[in-house]
Each structure stands twice: as C-alpha cells, then as structure tokens.
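Only a predicted model underlies this, so the values are computations on that prediction, with no experimental measurement involved.
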Amino acid sequence: MTASPTRNSSTLDLSNKHQCTSHQPSNSMQTDISFISTLGDFEVIPLEIFEIILGFVSVKGISMMSMVSKIINHHVINYISAPPGNKRLFPQDFHNREQSDCTRSSILEHYGSLGLLFKRCTLLFPTKERLKYIYKIISEISCFKFNGCSDPLHCFGLQCYGVFLEVKTIESFILYLRVHYGILYNLYSMAIRSEVSFCSKLGRFRKLELRIRTFCRGVFLNHWTDRNDSAFWLRCILNPWPMINQARLLYLIFGPASIQDGYVAWQNMIQHEADENSLKELAATVKLLHDTDANEWLENDDVILLEQLTVIPQEWHLENIARFLILCGNNICFSFMANKAVNGQPMELARLVVFLALVCEKDIYCMDWAVQIMQKVCSIINTTHEKNAFLQNIENAFAQMIMDALQFVISGEHDEEETGFLYLFHLVNAQANFHKEILYITMNYDM
C-alpha cells in the first residue's frame, strides 16, 4: 500500500517554494491541498465521528465553525440536513402547556441562534439558492406551515418560526423580501386567496381566520422590538389588498377575539360598548402605520382606513368609535373628525364629541382633551354661523342622550347590574365636567 502524503501543513518544505510555484499543479492536487489546509486537525477524523462531535457542540459553536472553511461549511450543511442533526437542531415540542417560561425563553433563544447558523452556513450561496435551502429545511416542520398545525391557538412553534426569521439573522434574506415580499409571505398570501374570499360572510371560515391571525402574529409581527420592523411586515401583509380589505385584515389580526376558542369576535363593536382592552391592539396598529409610514402613508389614508374599519361588519356603536379614536391618539382622532366637519356631517360629529366626553369620564381620561379636540374642529369650520350650529348640535346631542337614558331608567327595564342607571350617571357627569372645562377656558381660569 502506498503511503498517503502527510496532511500537516507545518511539515511542508519551504525551501522548495520556487519548485512548487514553477509548475502548474493539477486539479486533484489543488483539491487535496485545499482539503488539507481547511480541515486542520479534523481531517484525520472520519466523517461519521465529525458529525458525532457536532452533536455535542452548541448551535452558536456550529455557526462559528461553519465560517472556518468551505469544507467544514459543507460538512455542517450535511449535518443539518441529516436526520440526527435535523432532529437535534429543530426541537418540536410546541404544544406542551406545562413548559415553564424559562424553558420557552431557552427554546426561543435556540431558534434565534439557529437563524444565525443558517445565515452563516449559507453565506456563500446565491440569494435564491439560500432561500430554497432554508425553505426546504423548515418546510419539513409541520407547525411552521400555514395549515400544518392542528392547534394554532396554543402552538408555540409559530413564535419560534418568527424568531428564526428575524432580520438580524438573515440580512440578504430580508433584503430579498423587501423587494418581492418573500417566498414565505407569497405562500401565505396564496393560502388566503385560494381558501377565503373577502366577499364571504365574516365568520364563515372561522378556523381559517384563526390560522391567518395566529400565523401573522406569531411569525411576522409579535416578536419585533423595533417598530419599523413591525411596520415593514405589516405593510407586506396589507399592501396587496385594497383599503377595504386592509381594514378587514387589520380587524382579523388585531381585533377582539374570544377568550375560549380564539375566534375573531366580529360582532363585538356593533351592539354593545366594548372595553378598552378589546381595542388597544387595533388602535396601536393604526398608530404604528401612521407613525412609521410617513413617506408613503398619505394623510387621507388614516381617515379612509378608519372609515372602513369602523363599519366592520356593520357600523360600530359610537362609544366604541370614540374609545378607539382616543386610543389612536390626537392626530388620527382630529383627522377623522375634521373629515366629518368638512364633508357636512354635523349631527354625527356632534354626537361623536359627546361620546368622546363620555369615554373620558368613564375611562378616567382628562376631560380637557375632549374640549381641546372640539376647539380644533371648530377652528377648521369656516363661518361663525356654522360654528354656532356645531356647538348647538353638541348641546342638543347631550340633552337627547340624557333624556333617552333617563327614559330607559324610568321605564323599569333594568338588568341585574343596573347598567342603564350607571350609563345615565356617567353621562350626566360627563356633561358637567365637559362644561366645567369650557368655563375654565372661557374665564381664563388656571386650575
């Protein structure tokens, strides 16, 4: 048997340098030298043993090793694709409700490190090949698929998937997504287009709605710490659709949902007053779009979106609209009300002012905020006659609502919690405190 050449690069005779460089080495010699110089001490170890060693190295350690050389990188990729490595690197205990918060945090950190590993081991791939390889691996995990999980409401896998795809792990991947919306989003979008029509009755496909909600929140939206990243992914989800469908998607993803089964509560805003918690996420999302998309989000888009949103599935209760506007913030609230002022909707505008005062009273917000909004709306009304009519409409709306509430209480149609009497109580106090703030401003009195 012919002895194999030594693999230790330190034993090469430097005195033969001129001789070595004066002749063109063969391709096989080039490969062999590359193999020797890049595997180092690992070259004497059989591939099977090398993969066993990788099984004891942390994910962060493997990601560092993948950058040492092309040969080691190739072996790391083979390890990831092989069943032992795949099983070890992708823990899939996503439905264990007994897991502690510490354990879940550890799993999330693991998938974040895994994203870094994929970034490094595919660094030399062309972007499209990189995407294909990543998608091939993760598509084998059923809970990462849009329709793959049997219990998406209680699935921890979607959060792991989202952390895996974070911007900090795969820069070129995200760059590609910013141009083309990405392979993953296209698959998700196709699922919506093929399985549900925006013309269908809301709530008809409850299970599909739940999948869309959990998939978007878990994978694309909930885990970002930077608002700009959240806004980018949100725009990716919304942009392909017209405004009316964007509003519907926003409600589907961030609107109120049943605590028991997670299904979207489409009827919550119509007949009864909804609490603040039901509207917080939806309002925060509208603010996010307004604050982060100043360059591409037109001023009138806020108004159009809110007008479409507050009639899903039918026109909302005015108290819910008022509470929603307060949570959206000053600028969005004023834009919405100013649009009604310039478009000749005085009675609706006046009633909305009354409900803003009522919500400020019930939810313990400063009443002077409602008065200031009223003042700003007055400032854009052209004539004195129209301003006087607007103020008179507010007083008439207060009086009419109080009379209606009083009539309901006198009629004796009380429920066990006496909500009718409580509503009248808040309404009378709202009127008193609203007018008190106006008197303070009129008399130039500093509280």
Side-chain angles (χ1 to χ4, degrees), residues 243-244 247 269-271 273-274 279 283 286 290 298-312 314-363 365-408 423-424 426-442:
M243 191 64 76
I244 184 172
M269 299 299 163
I270 303 172
Q271 299 173 349
E273 302 85 356
L279 289 161
V286 173
H290 173 83
L298 301 177
E299 183 177 353
N300 199 41
D301 286 347
D302 288 326
V303 175
I304 297 173
L305 181 63
L306 262 64
E307 285 182 340
Q308 297 290 349
L309 195 56
T310 52
V311 293
I312 293 176
Q314 299 171 27
E315 188 172 356
W316 289 10
H317 191 293
L318 262 177
E319 183 173 328
N320 294 333
I321 295 178
R323 184 170 284 110
F324 182 58
L325 291 174
I326 290 174
L327 293 172
C328 284
N330 293 1
N331 293 335
I332 296 175
C333 178
F334 172 70
S335 296
F336 184 81
M337 298 182 69
N339 182 68
K340 292 189 178 299
V342 299
N343 287 326
Q345 298 173 287
M347 288 306 301
E348 186 176 349
L349 180 61
R351 283 173 55 81
L352 189 52
V353 171
V354 173
F355 274 104
L356 285 175
L358 177 61
V359 173
C360 285
E361 177 66 27
K362 292 175 72 172
D363 295 356
Y365 292 114
C366 294
M367 188 62 72
D368 64 338
W369 179 87
V371 175
Q372 289 172 16
I373 286 290
M374 181 196 69
Q375 284 182 299
K376 289 183 69 175
V377 173
C378 274
S379 68
I380 66 169
I381 298 176
N382 294 325
T383 67
T384 303
H385 174 73
E386 290 175 331
K387 290 180 181 180
N388 290 338
F390 171 58
L391 297 176
Q392 185 63 53
N393 285 335
I394 292 175
E395 295 306 315
N396 292 341
F398 261 121
Q400 185 62 52
M401 288 173 62
I402 290 174
M403 290 300 296
D404 290 343
L406 180 61
Q407 185 176 359
F408 179 79
Y423 176 77
L424 177 61
H426 284 307
L427 192 55
V428 171
N429 275 338
Q431 184 187 42
N433 288 325
F434 185 79
H435 288 137
K436 179 182 70 176
E437 293 296 335
I438 294 175
L439 287 174
Y440 284 144
I441 294 172
T442 304

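Remark: Thr384 pairs with Asn388 by the side chain to side chain contact (heavy atoms under 4.5 Å, CB included) rule, at least two apart or across chains. For Ile270, the side chain to side chain contact (heavy atoms under 4.5 Å, CB included) partners at least two apart in sequence or on another chain are Gln267, Pro313, Gln314. Judged as a ring-ring contact (aromatic ring centres under 6.0 Å, His included), and not counting sequence neighbours, the contacts of Phe398 are Phe434, His435. The side chain to side chain contact (heavy atoms under 4.5 Å, CB included) search around Ala350 returns Asn393, Ile394, not counting sequence neighbours. Remark: Asp363 pairs with Arg323 by the salt bridge (Lys or Arg N to Asp or Glu O under 4.0 Å) rule, at least two apart or across chains. Legend: residues meeting side chain to side chain contact (heavy atoms under 4.5 Å, CB included) with Ala274, ordered by chain and number and at least two apart, are Met269, Ser278, Asn320. Not a single side-chain hydrogen bond (donor to acceptor under 3.5 Å, both in side chains) links Gln407 to another residue, sequence neighbours left out. With sequence neighbours excluded, no residue satisfies side-chain hydrogen bond (donor to acceptor under 3.5 Å, both in side chains) with Asn429. For Glu307, there are no salt bridge (Lys or Arg N to Asp or Glu O under 4.0 Å) partners two or more places apart in sequence or in a different chain.
Every pair passing side-chain hydrogen bond (donor to acceptor under 3.5 Å, both in side chains) that includes a residue from residues 366-381 is listed here, sequence neighbours excluded: Asn330-Trp369. Applying the salt bridge (charged side-chain N to carboxylate O under 4.0 Å, His left out) test to residues at least two apart or on different chains, the pairs with a partner in residues 342-352 are Lys340-Glu348. Legend: salt bridge (charged side-chain N to carboxylate O under 4.0 Å, His left out) pairs involving residues 385-404, not counting sequence neighbours: none detected.
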